[in-house]
Every structure is written in structure tokens, then in C-alpha cells.
K.L.:
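Mind having a look at this structure? Questions to follow.
This one's a predicted model, so the numbers in the text were calculated from it and none came from an experiment. Residue numbers start from 1 in every chain, and the chains themselves are labelled A, B, ... in the order their sequence lines are given, proteins ahead of strands.
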There are 4 protein chains.
Amino acid sequence: MGSRERRAREKKNRKEQILDAARKLLLKDGLAMTSVNRIAKKAELSVGTIYFYFAGKEDVFAELQREGLEILYGEILSKTENTDSPEKKLTDCARIYLHFSEKHSDYFDVINYFLSQPRIVFSNGVKKSIDEQGAKILKHMEQIVVEGVRGNLFTESRPGNFAGFFWASIHGLVQVKKLRGTVIESENFTDFYMYGVNQLIQSIRRNQ
Amino acid sequence: MGSRERRAREKKNRKEQILDAARKLLLKDGLAMTSVNRIAKKAELSVGTIYFYFAGKEDVFAELQREGLEILYGEILSKTENTDSPEKKLTDCARIYLHFSEKHSDYFDVINYFLSQPRIVFSNGVKKSIDEQGAKILKHMEQIVVEGVRGNLFTESRPGNFAGFFWASIHGLVQVKKLRGTVIESENFTDFYMYGVNQLIQSIRRNQ
Amino acid sequence: MGSRERRAREKKNRKEQILDAARKLLLKDGLAMTSVNRIAKKAELSVGTIYFYFAGKEDVFAELQREGLEILYGEILSKTENTDSPEKKLTDCARIYLHFSEKHSDYFDVINYFLSQPRIVFSNGVKKSIDEQGAKILKHMEQIVVEGVRGNLFTESRPGNFAGFFWASIHGLVQVKKLRGTVIESENFTDFYMYGVNQLIQSIRRNQ
Amino acid sequence: MGSRERRAREKKNRKEQILDAARKLLLKDGLAMTSVNRIAKKAELSVGTIYFYFAGKEDVFAELQREGLEILYGEILSKTENTDSPEKKLTDCARIYLHFSEKHSDYFDVINYFLSQPRIVFSNGVKKSIDEQGAKILKHMEQIVVEGVRGNLFTESRPGNFAGFFWASIHGLVQVKKLRGTVIESENFTDFYMYGVNQLIQSIRRNQ
DNA sequence: GATGAATGAGCCTTCATTCAT
DNA sequence: GATGAATGAAGGCTCATTCAT
């Protein structure tokens, strides 16, 4: 009775152990250097064990992506509940996304990896859980837009579209960060970023 | 004298020869499968020769990126010169970018590669020429905005910022394409994309 | 008592269950891809269980070989009982062997595997049962020869030898199938095969 | 001038060096244990170097097969030129084949490997040179049969077919060697083998 | 009886890069 | 200028087998 539970717990732990190692490597050496062999070494497990718990390399990363999205969702949720203003909420979302890309650059790189990679095939379950996690975030943003529309602050007939657009845009903005000072003239990236965010909101702001 | 010219021409040819091979491989097998050894085989040159003309693998890709940006610039230029309306011009830029990402997906992948890759060190000259090429595109967009402002259609005090923001956004939008139908609800991506583009323009449109 | 029976039956079932899985994999993916782990997964059993019922991987295959030989024996038996002519009986044996190698290519591959593999150690019982199964087939052929000799159709003082020789030869012929059109000139393999079989019989045919 | 020659010679030597190692491993540990990594280690070369000279693992083995067939051909040629009797020549061919399978068991295993392996794809050139080598052997046997027919010793209208059949049969006989004492009753394998060979010849021997 | 987690050596192959010629 | 042989670490992954529970 207790045995089965313990088994399950241990299994959970092993997975966590592997993901911990992967996360650390990701943060330290970047995605390209995070191979299964190195994860195994870092986790003090055998390669075989990694493959016992994960279908493959991409599977590990996929799990990390899910994790990252979960964290992001949590942060967005907690930081936007104390505000009434939908506009401020959206701004906060964007601010959090930038902050997330800096503080959790490991997770962000993974998200970016899957977004940039030409073609990756997921086992169905994995894909679904990632999509769900991502959808939750977009749903939340959509909800903020709906609030704003109800409060006569925003004018937008397709809040779902806007949410997707909003996220895609701030993702693009974050990605462009490394070009500051050259292609992107502004040396102060945060300024530039917040300028962009403001424009995005401006595009649905109801004119008085 | 004539000899020196021939030398220079041959050298130019060699570089072109290498880039041709790289381009073909890129187009056929994608970025991941385009290794120096394969380029050499395709170009019917020795690996050593590649390294004589290029500092390394990334250097070859960088050159391709410059090429890609050049093509993109050319397309933008030619497609936006027949219009007067700045708004239409911007819309066309966006349309071209999407089209470019589809038709020249090889080049687009390279651009994406350098944008997503955490940290790459370029030899100075290469970086400069890429930046210049990229800057030219942004400068062109900036100019369109300036036109719009002059014509009292747009209201924007920092057209340079807007150009950067505009490009970052449409890049993000294009990247998000593969999520259509899941995270991005809209199944018709072009609709979604053009919706976003419209929002972007809306954000600087002067209210009547 | 009843319990013991059930035990035995379940045990039998487990073995069957494992062999079923192995057989399916063999048929679907070939011998090389049929690993213990995959068998376990297919059989919905744990790897450990496989090792409880079988000494190892080779043991499973050995059992399949026995099975294959059993099937072969059955087919030979049933197809040769309606004929009187010993010559026709031998021809039929050969025909069946070729057919078997095509229709039951999975089983044939296993037989071939053990025949080609330099050195494999079997647990004694397994080896014995295989040998018995194989011997039964040869015994049957030998019997046909004896018949022929009695009927004054064949002349052969060592029918056991001939049976072994006959089988070895047709096995060699079947194996050589993949060389048709190159090393083996004849494009029509069945023609070539039946030519060989006829020669074999010719070698014991009594001259009139 | 001399440099190019030396290059070519060294290249030849390297290939030989690799094949030497492969051959040794093959003889010592068998085919299954002869991996590219082990070949490299044995040859005191890097893995990469193996792949510089051979397209892959199968390519190395293919070359060995060609080598083996060449040796076999040489032996057959030299041992059958001092005889006049076609019958003795055929018997000698068979004797040599058995001897070859024992003395050059490494080469024989490779031949057997390619014959038993369900499906192997060769680069075209390799396949061709193997086939040619094999065909040469069969052609030689065919010639012997033709001689016999001319000398009124054999009666055979399709000597090409017989050559293929002859080789397939003796190959099958050799393969069955490991079953001596069980399925193959005869404990003295050479007796059994020569019995078979005699039968084969008997099948084309003209009756007096 | 049965489980399934764990091992880790081993598989084939590709890679960017160097350097003597 | 150009060659191409050589490197060897690293890649992802599979394997038969063991063993504590």
C-alpha cells in the first residue's frame, strides 16, 4: 500500500532530479551544450535512466518548457491580481515577460528553442500539456482585454486575437534585445521595450 | 596587374562557390544538416579551402544572413515604391516579411538562428555588414513612418523606435505561426497576422 | 491440485504471451529490432518477467525456432501424405521449404540466424527440443528416400545422409535467392530453384 | 609528381591498415563484436579516420567480402589447373570451399553475413565489385562443367544454372556443419560433406 | 511470481577544426 | 592558395541483464 505510493514518489523524484540537472546545465552552458549524456552525468544517473524516464532529449526539454510556462503563468497571475486597471495589468504582463526572460533565461531559452526550431515532433501527450499551459497564459491575457472592453477602456472585438498578437509581439521584442545599439538604435532596451508595449496597448485603447 | 585582377576574381568566385553550396544545402536539408564538411563536398572543394575563405562555420552563415537581408531589402524596396500611402507601405512591408519567411524559409531560418542563438561572436567586419544591412531595412521603415507623420496620417515622435518595434512584432508574429490552431486559436494564420499588423499601424494612426 | 493446474496453465499462458509478442515484433520489425525490452513492452509484461520464463534473449528466439520448425514439419507432413510417388514427395518438400521461407520469413530468419551465428550456447533442454524438431523433419525425408529405395525408384545406401544433404542444399538455394540477377544469372528464381531440386533428386534416381 | 604517388600509396596503406584490424577482430571476436570503434582502436586510428576511408561499417565488411572472394577465387584457380578431370576439378572446388570456410573463417563469416542478412543496401560500386568477384567464381565452375560436357563426361544443358546450384549447395552444406551429431547424424562431417559433393556431381554425370 | 528501476558500456555516426604538404 | 588526411570528443540512443522489493 505504502509501497506503491513510495514508488510513485520516488519516480517523481527521479524525474525532478533529471530536470534539475537539465535546468542547471541549460542555465550554465546553454541549450546546445545540454546533451543527454551531460544531463546524466550531472544528475549522477546513467544515460539509460534518463531514457527510462523520458522518451528522448526533446521530451526533457518539453517538460522544462511546460515548467517554464507554469512559472510564468504563476508570476503573471500573482502580479496582476492586485491591480484593477486592465491597462496596468497588460503592462505588468509584458514587464513580467521581460523579467522572466532575464531571470529565468534557462526556461526562456527553451521556449525560444521550440518556437525557433523548424520542426519538432512531440509525443501527443506532451504537446497537449504544453499547449494547455500556453493557452492558459493567453486566456488570462484575453480575460484582461475583456475586462478592459467591459470597462469601456479598450475597444476590441476579438480579444483572443489580441492576446495572441500581444504575446507574439512582446516575444519578438525580447528576442530583439541582443541587437540593441546596432539595428535597434535605442541603447536603453527597457525604454525601447516599454515603448513597444505602450504602442500595443495604445492600439486597443478607446479614444476619448 | 591583370593577374591581380584574376586573382581577385577567382577569390570572389571561390567565395561565391562556397556560398552557393551552403545555400543549396540550407535550402535542401535545413540548417542543422549544413556542416562545413558537407559544404565542402557540395562545392567540390576541400574543407581547408572553406577555412581559408571563412573564419568558420558561423561566418558562412553570417554571410548568408547578409544575403538574406539583402534580398529582403530589395523586395521591400521594389514593392513599396509604387505606393503613396504610408499605411499601405507598412502593410506591404509586413506582407513581404511573411512571404519572405515562407518563400525564403532557408534565409529566414538563418536570421532566426542568429536571433535565437544565445551568444555568437562574429569577426568584426561581418557583424558590421550584417548590422548595416539590417539597419537599412529599419531605416526604410522609419522613413515610411516619417512620411506618414509629415502627411498628418501618423502621430509618432520616435519613428526609429517604431520601426524597431514594428519589425520585432511582425517577426514574433511569424514565429508564432506554428502554434496556430492550438495556443493561437485562429486557424487562418494570415487573418491573424494581418490583424496584428493592422493593430501595429493602428497604434500610430492619427485619430480624426 | 486445481491450484497447481491453474498455476501451470498461467505459466504456460505467460510463456505464450511472451512468445506472441516476440513473434509479432519479429514479423513486423525483423530480428535485429526484436529486443527483450521491446518484447516486454509489447507483451505488457515487465522485463524481469521475461527473464523469469526465459534464460535470455536467445532462449526466446530458440523457442521461436522450435515453433517454426514445428510449423514447417506440419506443412511437410500434410502436403506429402496425399502422394504416393516418393519423387513427388521430395519435390513437394522442397517446394514447401521455399514457400515457408517466403510466407514465414520471420521464422525462416530465426532458423537462418541460428545457422549463421558462429557460436551460441543453449541451455541443454532448449537445444535438445530444437534438435528433435529438426531431426523429425529430416527423419521424414529420410523415410521418403527409404520408400523410394524400396520401390526401386531410388538407389541410395545412406538415406540419412541424403536427407541431411537434401535439406542443406535447398537451404543454400533459398539463401542464394537475393543474388538472383547478379551472381545467380537466372532472373526467374523459382525456375532456378526447381532446377536444383530436380538435380538433387536426379542424383539418387535409379537409372532405367 | 612523386608526391601524388606517395599519397595514393599511403591512402592504400591506410585502407589496408583498417582492413587488417577489421579482419583480425573478425577472426578473434566474430562479426557481432566487430564495431567501428573497435576497428579504430585496433588500427590505432581515430574513428573519424575510418569514416574518411569507408562510407560506413557495412562498407568495411563489403570490402572484406570482396577480399575473401578474391582469395577464394585464387585458391580455386591454382588448385584446379593441375588437373584434367572435370570431375576432380569440381570435387576440388568443393574441398577448397570447405577448407576456406575453416582456414579463412573470418572471410567466410562475412560472406555468410551478407548472405544471411535480410536486407543490406550497398553503394552501387561496392555491390558491383562484389558481384563481379562472385560471378568470376561461378563462371569458373561453369567452365568446368562445359569442359565435362565437351568430354562427354557430364550431361548438362544449362551449365550456368548448375554452377549456381553447386555453389549454393556446398554453401548450405558448410553452414550445416555445426549441426553434426544432432540433426545431421553423421559425426564425421567431412564424410558427410564429401558424400554430398559426390551426389551433386552424380547428378550431371553421364551414365555409361 | 512479478515488477520495473537502474545500469553503463556500447552502438554508429557527424562535427568543426588543424596542419603538414 | 589549396588540399585532404586526421582527429577524437560528442551526439542521441539501445541493449541485455540484474536485483531489491
K.L.:
Between A/Asp131 and A/Lys128 (salt bridge meaning N to carboxylate O under 4.0 Å), is one present in this structure?
P.N.:
no
K.L.:
Does B/Thr49 or C/Gly48 map to a spot on DNA chain F nearer the 5' end, using the closest nucleotide for each?
P.N.:
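Final value for this comparison: B/Thr49.
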K.L.:
Between F/dC15, F/dC13, F/dT7, which nucleotide has the shortest distance from any of its atoms to the side chain of C/Arg38?
P.N.:
F/dC15
K.L.:
Is the backbone N or O of A/Ala43 less than 3.5 Å from a side-chain atom of A/Gln17, with the two atoms forming a donor-acceptor pair by type?
P.N.:
yes
K.L.:
To the nearest Å, how far apart are D/Ile39 CD1 and E/dC12 P?
P.N.:
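Computing the D/Ile39:CD1 to E/dC12:P distance gives 8 Å.
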K.L.:
Tell me which of B/Ile50 and C/Ser35 sits closer to the 5' end of DNA chain F, going by the nucleotide each one is nearest to.
P.N.:
B/Ile50
K.L.:
I need the CD-P distance between B/Gln17 and F/dA2, as an integer number of Å.
P.N.:
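For the pair B/Gln17 CD and F/dA2 P, the rounded distance is 9 Å.
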K.L.:
State which of E/dT18, E/dG4, F/dT14 makes the closest approach to the side chain of B/Tyr51.
P.N.:
E/dT18
K.L.:
Between B/Asp20 and B/Lys42, does any side-chain N to carboxylate O distance fall below 4.0 Å?
P.N.:
no
K.L.:
Using whole Å, report how far CE of A/Met33 lies from C1' of F/dG12.
P.N.:
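So the two atoms are 15 Å apart, to the nearest Å.
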K.L.:
Please tell me which of the listed nucleotides, F/dT17, F/dG11, E/dT17, lies nearest to the side chain of B/Lys57?
P.N.:
E/dT17
K.L.:
Output the single nucleotide from F/dT7, E/dC15, E/dA6 whose closest atom is nearest the side chain of A/Arg14.
P.N.:
E/dA6
K.L.:
Please report the distance, rounded to the nearest Å, between CG in D/Asn13 and P in F/dA6.
P.N.:
10 Å
K.L.:
Looking at F/dT7, F/dG1, E/dC15, which one has an atom nearest to any side-chain atom of B/Tyr53?
P.N.:
F/dG1
K.L.:
Indicate yes or no: does B/Glu16 engage B/Arg23 in a salt bridge with an N to O separation below 4.0 Å.
P.N.:
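Result for this pair is yes, salt bridge flagged.
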K.L.:
Could you tell me which nucleotide pairs with E/dT7 by Watson-Crick or G-U wobble geometry, both distances under 3.5 Å, or answer none if nothing does?
P.N.:
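Paired with E/dT7, as far as the under-3.5 Å criterion goes, is F/dA16.
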K.L.:
With a 4.0 Å cut-off on N to O distance, would you call C/Asp106 and C/Lys28 a salt bridge?
P.N.:
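Salt bridge absent between C/Asp106 and C/Lys28.
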K.L.:
C/Phe52 has an atom CZ; how far is it from atom P of F/dA16, in whole Å?
P.N.:
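It works out to 21 Å between those atoms.
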K.L.:
Output the rounded distance in Å from CG (D/Leu45) to C1' (F/dA6).
P.N.:
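Nearest whole value for this atom pair: 9 Å.
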K.L.:
Side chain of C/Val47 only, please: which of F/dT17, E/dT13, E/dT7 is the nearest?
P.N.:
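Within the option list, the nearest is F/dT17.
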K.L.:
Round to a whole Å and report the spacing from NZ of B/Lys15 to C1' of F/dG1.
P.N.:
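That distance rounds to 15 Å.
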K.L.:
When the distance from CD of A/Glu44 to P of E/dA6 is rounded to whole Å, what number comes out?
P.N.:
14 Å
K.L.:
If you assign each of D/Gly56 and A/Asn37 to its closest nucleotide in DNA chain E, which residue comes earlier from the 5' end?
P.N.:
A/Asn37
K.L.:
With a cut-off of less than 4.0 Å, is there a side-chain N or O of B/Ser46 near OP1 or OP2 of F/dT3?
P.N.:
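Answer is yes, contact under 4.0 Å.
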